[in-house]
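Shown next, in structure tokens, is the structure this report addresses.
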Number of protein chains: 4
Amino acid sequence: MSIKNRPNNQKEMSFIEKARRAQIVECAIETIAEVGYTQASLGEIAKRANISKGVISYHFENKEELLGQITTEYYIAWQSYIAPRIEAQKSPKEMLRVYIESNLAFVAENRKHVFAVIELVSKTITANGKLQFAAEHDEAVFVPIENILTQGMQEGVFREFTKSSARVMALTIRNAIDGFTMELMRKPHVDVQEYTRELVTIFDISTRKQGVALEGR
Amino acid sequence: MSIKNRPNNQKEMSFIEKARRAQIVECAIETIAEVGYTQASLGEIAKRANISKGVISYHFENKEELLGQITTEYYIAWQSYIAPRIEAQKSPKEMLRVYIESNLAFVAENRKHVFAVIELVSKTITANGKLQFAAEHDEAVFVPIENILTQGMQEGVFREFTKSSARVMALTIRNAIDGFTMELMRKPHVDVQEYTRELVTIFDISTRKQGVALEGR
Amino acid sequence: MSIKNRPNNQKEMSFIEKARRAQIVECAIETIAEVGYTQASLGEIAKRANISKGVISYHFENKEELLGQITTEYYIAWQSYIAPRIEAQKSPKEMLRVYIESNLAFVAENRKHVFAVIELVSKTITANGKLQFAAEHDEAVFVPIENILTQGMQEGVFREFTKSSARVMALTIRNAIDGFTMELMRKPHVDVQEYTRELVTIFDISTRKQGVALEGR
Amino acid sequence: MSIKNRPNNQKEMSFIEKARRAQIVECAIETIAEVGYTQASLGEIAKRANISKGVISYHFENKEELLGQITTEYYIAWQSYIAPRIEAQKSPKEMLRVYIESNLAFVAENRKHVFAVIELVSKTITANGKLQFAAEHDEAVFVPIENILTQGMQEGVFREFTKSSARVMALTIRNAIDGFTMELMRKPHVDVQEYTRELVTIFDISTRKQGVALEGR
DNA sequence: TATGAATGAGTATTCATTCAT
DNA sequence: TATGAATGAATACTCATTCAT
């Protein structure tokens, strides 16, 4: 029976099968990261993996499933990396710092994967001809920041945010992080530590309650 | 003789020729904005322009030239819009505010064009198989902000920035602006005025010299 | 503008366009007749037409449209051939004779086309995985015979038919005609005239009102 | 050693081996009957049989052998069913009646198998690119009817048939039977008994010696 | 200038077949 | 015996580009 038709493919998937899929996904990531989404044909991916095109079709229902796997794995890895680090913090201020720090660290440690996902997401936007953002994932990404902002505001350490100004702040933080990825692509040797420090500073300052902030100095 | 083979096509280009190219470029922008880069084939563009595919090939060396034109025109329009508004300001603080305000206004007024360029840039990144950002343009974009930051620092109204921390700040501002475009795509009815106000606040606070800032309040 | 997207392609189709389509359809018919439906790939058809595969895609939306054209043209040609010949007859007996005669003549004169359609219809049966006969066409084919039978019965020259026995007779006549096509494929030099005479005899006898029939002898 | 390479595989075939092949053939029949020849890939057949694709390749030289088995088994089953029933009759008239009756009964009782064979035959016609009917089988099919007709003619109960008019009659009877199968596919609930009665009537009338026939009434 | 027509390389996908385990 | 894995040829279709008119 073909893998594709298995009812419960998650559980029935053999070790070898998982490994093969993982290898192909890995190769797809590298291919996209190196030649871009548009050039990343199944043929190109297969060539780089030193396998025949058919192998990919054997292990994945279609191209969409393969690419979907990249995104899914990314979000899982990202969440597993970020969440515990934030939860280990006590104050919102620290949480925000760690959010930024761990995101940049994650990006720096998974450059290719992150870049591949950025490519994928940017193409998915208009996949079927109509603007259709990967809304679930996308919006899920903002939740942790918005939570941190809300909490910090309630505890009185952050300045006041309305619902929509909180969203702008959340978006701006996310954009800063995603933008860092692009900068990393342009300049692979950028000083990650310093970039991190600067971002932390920027958003520490701009979220801080003004009076309190001064006292802290 | 085809236009393509003319030695000096820039200068010899007739009025009609220019108009035709402009029309095609306009159509290409709309097509990309509506159906996305991947679906924006020459055939699709031609269909929307009610012309034959051959016409595009006649007026443009190849697809790359057509798409390049979109980007080029965009930067020119952007610069013509932004530059005078900034230059009309006296203080760096005002310049930064106006930079953000005029950028968001420009984006809001030229949604399709801006979105098309974003689509293009994201695809151009790996056009030839190697990462190749539209470096000239891209870097040029940061110059005005970096100039503002430097000036503000020298005048003592902004906090201290090293060369690299100034770049991080410049990037973060740009990313916030580009991110606004994406938000505008996701939620076309977002309150532009409010978003603008929030961004101005965020970057006003985070660039401000701490002591001075308080006095200003 | 591509032909495919024209709203009213029937009318706007140029002479050259029509000719090209006709040529391709002709070639497709020959290909199917010679190598069978399964082997009749677009590539094979193109090869026999001495054109590139792309030409077919240019003139036809997809393979389905091309093959559909074969069937459609066939039914039109068939009807144009059969109908006037039947209508020229006065008695149902003559109409039945002419129906058989003209069908066999039509088949003999359009062997390839008829065989191609038989191939196509037999494949269409299970096109989407479920039994789905080309019902409209198929059922339409029985109508003229059923009409003749009914008329002959009402005039008292044919024996009595219930609704379902009339259908069986109609089907049997059609099957005899389609079976002749197969025989023609197996034995291209079969004596058409004789075959026709025999079929006419068989169905003349088997529809005839028994008493009346004898008088006629 | 693979079965395929065994010199005398017919005789050496074990019981288990036979059973396995039978099971696969059975499954192939159902698959073809349900999804049609074109969709009946080895993968599909294997899936329905709950075995791996490789098993089929292990037990059958290639797809052709598997499909050939379907046809062969069909003819054997058909012959075993029809022959004794005809032989049990005394008069040609009865033999003809029983031939039609038993054929329709056989079809009705083995719908899937019969339909699968029809699908196969229609595709096999042009299997290698050239028209190649399953001639042996096919021609063998006409023999019993031709024998009946000859006998009936010699006994003076059937009208006169030349060699070729006998063939037309034989073909027409076969076509009527095969056509019934198609009707059964289109309308599974068709009244088999009634259809049978009608066909018997039609061919009783059309073979009958005219004078004799009347007397019989 | 503009067009319709044609091209051919490239895309994802399917599938019969092979083979090591 | 049976299997999962792999292969590579074949298929329909897309599209940037060329070219004669």
Side-chain angles (χ1 to χ4, degrees), chain A residues 1-4 13-14 16-17 19-20 38-46 49-66, chain B residues 1-4 14 16-17 20 38-46 51-66, chain C residues 1-4 13-14 16-17 19-20 38-46 50-67, chain D residues 1-4 14 16-17 20 38-46 50-64 66:
Chain A
M1 198 200 314
S2 162
I3 288 154
K4 308 173 188 177
M13 217 179 276
S14 75
I16 276 190
E17 169 66 11
R20 204 69 166 123
T38 342
Q39 305 295 332
S41 67
L42 290 188
E44 185 64 27
I45 294 170
N50 258 333
I51 55 176
S52 96
K53 266 194 303 179
V55 180
I56 300 180
S57 291
Y58 177 76
H59 289 285
F60 294 88
E61 182 80 27
N62 49 30
K63 197 181 186 184
E64 206 184 341
E65 195 206 343
L66 170 56
Chain B
M1 197 199 326
S2 161
I3 286 161
K4 307 172 190 178
S14 73
I16 281 187
E17 167 67 11
R20 205 72 166 119
T38 342
Q39 307 293 334
S41 67
L42 291 189
E44 186 64 26
I45 296 170
I51 55 176
S52 95
K53 264 195 301 180
V55 182
I56 301 180
S57 292
Y58 179 78
H59 289 285
F60 294 89
E61 181 80 28
N62 49 28
K63 198 181 186 184
E64 206 185 339
E65 196 206 342
L66 168 58
Chain C
M1 198 201 318
S2 162
I3 289 154
K4 309 173 188 177
M13 215 180 280
S14 75
I16 276 191
E17 169 65 11
R20 204 69 166 123
T38 342
Q39 306 295 331
S41 68
L42 291 187
E44 185 64 27
I45 295 170
N50 259 334
I51 54 176
S52 97
K53 268 193 303 180
V55 180
I56 300 180
S57 292
Y58 177 76
H59 290 284
F60 294 88
E61 183 80 27
N62 50 29
K63 197 182 185 182
E64 206 185 338
E65 196 207 342
L66 170 56
L67 301 186
Chain D
M1 197 200 326
S2 161
I3 286 162
K4 306 173 191 174
S14 74
I16 282 187
E17 168 66 12
R20 206 71 166 117
T38 343
Q39 307 293 334
S41 67
L42 291 188
E44 185 65 26
I45 295 170
N50 259 333
I51 55 176
S52 95
K53 264 195 301 180
V55 183
I56 300 180
S57 292
Y58 178 77
H59 288 285
F60 295 88
E61 182 79 26
N62 49 29
K63 199 182 186 183
E64 205 184 340
L66 169 57

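A, B, ... follow the sequence lines: proteins, then strands. Residue 1 opens every chain. All values below come from the heavy atoms of this structure, side chains included, with hydrogens, waters and symmetry mates left out.
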So which protein N/O to nucleotides 7-9 of chain F N/O distances come out below 3.5 Å?
| from | atom 1 | to | atom 2 | distance (Å) |
| --- | --- | --- | --- | --- |
| F:dT7 | OP2 | A:S52 | N | 3.0 |

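- Summarising the geometry, the separation between CZ on A:F60 and P on F:dG4 is reported as 18 Å, rounded to the nearest angstrom.
- Mapping D:I16 and A:I16 onto DNA chain F via the closest heavy atom, the residue that lands nearer the 5' end is D:I16.
- Not counting sequence neighbours, the partners of B:K63 by the side chain to side chain contact (heavy atoms under 4.5 Å, CB included) test are B:L42, B:L67.
- Between B:H59 and E:dA2 there is a side-chain polar atom (N or O) within less than 4.0 angstrom of OP1 or OP2.
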Fill in: Pairing string, 5' to 3', for DNA chain F - Watson-Crick or wobble contacts under 3.5 Å, brackets [ ] where pairs cross, | to another strand
.||||||||||||||||||||
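- Here the closest heavy-atom approach between residue A:E61 and residue A:E65 is recorded as N-OE1, 2.6 Å.
- Set against E:dT13, F:dT17, F:dA6, the side chain of A:K63 has E:dT13 as its closest nucleotide.
- Note on A:T38: every side-chain N or O is 4.0 Å or more away from OP1 and OP2 of E:dT11.
- In this structure, the separation between CZ on A:F60 and CZ on A:R20 is 10.5 Å, given to the nearest 0.5 Å.
- For the pair C:S57 and F:dC13, the criterion of a side-chain N or O lying under 4.0 Å from OP1 or OP2 is not met.
- Taking atom CD of C:E17 as the reference point, atom C1' of E:dA5 lies 9 Å away to the nearest angstrom.
- B:Q39 contributes atom CD, which lies 8.0 Å from atom CD of B:E44 (distance to the nearest 0.5 angstrom).
- Computed from coordinates, the B:L42 CG to E:dA5 P distance equals 18 Å when rounded to whole Å.
- The two residues A:H59 and A:E17 come nearest to each other via the heavy atoms ND1-OE1, 2.9 Å.
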